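In listed order, ligands and their atoms are each counted from 1. These figures come from a predicted structure and were not determined experimentally.
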Amino acid sequence: MNIKLVDTITQYHEIKENIDSAILNLLEKGQYIGGEAVKNFENQLAEYLKVKHVISCANGTDALQVALMVMGVEPGDEILTPSFTYIATVEVIALLRLKPVFVEVYPDTFNIDTEDLKRKITPRTKGIIPVHLYGQPADMEEILKIAKENNLFVVEDTAQAIGSEITFSNGAVHKAGTLGEIGCTSFYPSKNLGAYGDGGAIFTQDDTLAEKIRMICNHGQKKRYYHDSIGINSRLDAIQAAVLSAKLPHLDRYNTSRNQAADLYNECLKDTEGLILPACADNVQHVYHQYTLKITEGRAKRDAVKAYLDARNIPNMIYYPVASHLQQAYQEYGYHEGDLPVTEQLTAEVLSLPMHSELPEDQIRFICEHLKNALRETSL
Ligand SMILES: *Cc1c(COP(=O)(O)O)cnc(C)c1O
């Protein structure tokens with residue numbers, strides 16, 4: 001069985017005519033940077049997210065960096081973020097000479113622990129970057145409350161969760177990424193809304209921030225060759241914008257199909273000894289960027305199960321084997337093993353199974369059977 005961890009090709013074939021004509025059209029027009037295609041996609045995405053401004057950029061990492069650059073931070077300012085995330089979230093904080101302050105996550109949802117978040121606020125704290133990990137929104141209602149009480153900004157890392165929703169206690173439903181001062185996402189090909197190359201976007205409801213973001217992404221200029229601030233060069237290719245415009249109308253269907261795959265995994269794996277299935281908070285709509293479970297007997301067992309699946313060509317991945325606070329590159333911040341016990345335990349227990357919008361039922365059943373065998377047949 002040819003199982004793929006992520007399948008971008010089947011999705012392409014399904015809407016090939018739309019994609020091909022969108023790209024060919026663009027080639028004939030000759031405008032390869034900026035222009036109509038980019039503007040149209042930004043407007044389309046703004047409408048989908050119900051957010052006032054969408055500013056596209058080159059990738060999700062740039063989106064996060066630019067977001068921090070417009071928030072008026074100074075070197076040494078502290079930014080609260082989970083250690084259990086993709087490194088990009090932490091990298092941009094460090095690159096801007098800000099100080100990442102690592103916060104624990106909940107062991108069931110893998111998202112930022114709001115009690116630990118409160119404990120880690122100091123007079124130098126300026127902002128919070130919650131990450132909606134694996135496609136599940138963090139507890140934004142509580143995070144926004146803490147941010148407001150402590151005068152902190154919130155930049156949401158929505159790279160893994162585009163299209164996911166949160167229902168607040170007043171009944172209002174919001175898309176993840178539209179609640180903080182700024183939301184950031186990535187269109188890396190394997191993300192839920194993937195381009196055929198790199199891409200990213202920044203969202204905000206605030207006119208002034210939107211103007212600054214556009215400026216920073218364009219070398220700090222509003223008027224050509226007049227540079228008011230130090231910026232960067234970060235833009236979405238017109239071809240990628242055309243691809244994304246063709247794919248966006250299908251995003252909800254893709255996310256539904258990921259949910260169906262997750263449901264079937266849950267069904268096939270329920271009550272399996274040695275496994276904890278992914279938990280979903282009841283006030284969120286998860287979009288299952290990853291289907292990530294925990295293998296509970298520790299790192300050696302998890303690694304043995306992984307090796308068993310690898311040997312049978314069943315794709316799987318560990319997101320992430322080393323927590324950010326223990327990475328070599330971030331030693332200067334002074335963290336040690338034991339500082340974030342939940343996070344550290346997760347890095348020893350998590351395993352992600354194949355997940356994409358085209359995953360056939362028989363493959364899911366096949367993967368589950370082998371995973372159960374792996375749990376039985378591997379010993380420590
Ligand atoms: C993918 C990802 C990013 C970075 O996006 P790129 O487009 O690869 O730069 C940032 N944060 C998280 C959580 C991600 O998963």
- Message: Parallel, tilted or perpendicular: which one describes the rings of Tyr320 and Phe84, with boundaries at 30° and 60°?
- Response: perpendicular

- Message: Suppose we screen for side chain to side chain contact (heavy atoms under 4.5 Å, CB included). Which residues come up paired with Glu377, at least two apart in sequence or across chains?
- Response: Tyr308, Asn373

- Return the orientation label for the Tyr333 and Tyr330 ring planes: parallel under 30°, perpendicular over 60°, tilted otherwise. parallel

- Any residue meeting ring pair (Phe, Tyr, Trp, His ring centres under 6.0 Å) with His289, in chain and number order, not counting sequence neighbours: none

Table of N or O contacts for ligand 1, cutoff 3.5 Å:
{"from": "ligand 1", "atom 1": "5 (O)", "to": "Ser186", "atom 2": "OG", "distance (Å)": "3.3"}
{"from": "ligand 1", "atom 1": "7 (O)", "to": "Gly60", "atom 2": "N", "distance (Å)": "2.8"}
{"from": "ligand 1", "atom 1": "7 (O)", "to": "Ser186", "atom 2": "OG", "distance (Å)": "2.7"}
{"from": "ligand 1", "atom 1": "9 (O)", "to": "Gly60", "atom 2": "N", "distance (Å)": "3.3"}
{"from": "ligand 1", "atom 1": "9 (O)", "to": "Thr61", "atom 2": "N", "distance (Å)": "2.9"}
{"from": "ligand 1", "atom 1": "9 (O)", "to": "Thr61", "atom 2": "OG1", "distance (Å)": "2.5"}
{"from": "ligand 1", "atom 1": "11 (N)", "to": "Asp157", "atom 2": "OD1", "distance (Å)": "3.3"}
{"from": "ligand 1", "atom 1": "11 (N)", "to": "Asp157", "atom 2": "OD2", "distance (Å)": "2.8"}
{"from": "ligand 1", "atom 1": "15 (O)", "to": "Gln160", "atom 2": "NE2", "distance (Å)": "2.8"}
{"from": "ligand 1", "atom 1": "15 (O)", "to": "Lys191", "atom 2": "NZ", "distance (Å)": "3.0"}

- Message: Looking at Lys222 and Glu211, is there a salt bridge between them, counting it only when a charged N and a carboxylate O are closer than 4.0 Å?
- Response: yes

- Pairing residues for Tyr134 by the ring pair (Phe, Tyr, Trp, His ring centres under 6.0 Å) criterion, not counting sequence neighbours: Phe110

